[in-house]
Amino acid sequence: GTRRRRSAKSRGSRRRGEAAGGGRPELVAGLRSAAELGDVAELAALARAAAAGPEGLSDVAARIQRMAEDFDFEGILKLAADLAPRKGRH
């Protein structure tokens with residue numbers, strides 16, 4: 001009964017967190033999607049996930065948060081492009 005529902009809800013929350021902060025490709029995809037939609041709340045969530053993730057993304061997280069607060073969606077799209085892996089780059 002109740003226990004099963006709670007664990008399903010937890011799995012759903014965990015999955016979203018993993019998608020948001022699970023790695024750079026997921027972060028890039030999330031940034032693009034949220035910026036294209038103008039979803040400031042999702043951008044803030046992505047910034048929090050990036051800050052909690054591996055080292056090296058805390059500066060990126062701060063930039064995302066600032067740009068989201070300033071509604072700088074073009075800047076976020078540019079940042080996403082800069083973070084995306086480039087073909088031929090190893």
**Q** Which atoms form the tightest heavy-atom contact between I76 and A35, and what is the distance?
**A**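 For I76 and A35, the tightest heavy-atom pair comes out as CG2-CB, 3.8 Å.
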**Q** What heavy-atom pair brings A47 and A61 nearest, and what distance separates the two atoms?
**A**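 Closest approach of A47 to A61: O-CB, 3.2 Å.
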**Q** Please examine the side chains of L43 and M67, heavy atoms only from C-beta on, and report whether any two atoms are closer than 4.5 Å.
**A**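 M67 does not reach L43 side chain to side chain.
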**Q** For the hydrophobic clusters of this structure (ILVMFWY residues joined by side-chain heavy atoms under 4.5 Å, transitively), does one cluster hold both F71 and L79?
**A**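 Result: yes, single cluster for both.
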**Q** Looking at L37, L31, V40, which one forms a side chain to side chain contact (heavy atoms under 4.5 Å, CB included) with F73?
**A**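 Of the listed options, the one satisfying the test is V40.
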**Q** Search all heavy atoms of R32 against all heavy atoms of A81 and return the closest pair with its distance.
**A**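 Looks like NH2-CA, 4.0 Å.
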**Q** Write down the atom of V28, the atom of A80, and the distance for their closest heavy-atom approach.
**A**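 So the two residues come closest at CG1-O, 3.6 Å.
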**Q** According to a hydrophobic-cluster definition based on side-chain heavy atoms being under 4.5 Å apart (Ile, Leu, Val, Met, Phe, Trp, Tyr only), do L83 and L77 belong together?
**A**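 Hydrophobic grouping puts L83 apart from L77.
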**Q** Test of understanding: with side chain to side chain donor-acceptor pair (under 3.5 Å), list the residues that count as partners of E69, not counting sequence neighbours.
**A**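 Scan of E69 (side chain to side chain donor-acceptor pair (under 3.5 Å), adjacent residues dropped) gives Q65.
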**Q** Would you list the pairs meeting salt bridge (Lys or Arg N to Asp or Glu O under 4.0 Å) in which at least one residue belongs to residues 57-66, sequence neighbours left out?
**A**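 Applying salt bridge (Lys or Arg N to Asp or Glu O under 4.0 Å) to every pair that reaches into residues 57-66, excluding sequence neighbours, yields nothing.
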**Q** How many angstroms lie between CD1 in I64 and CG in D72, if you round to the nearest 0.5 Å?
**A**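 One gets 12.0 Å once the value is rounded to the nearest 0.5 Å.
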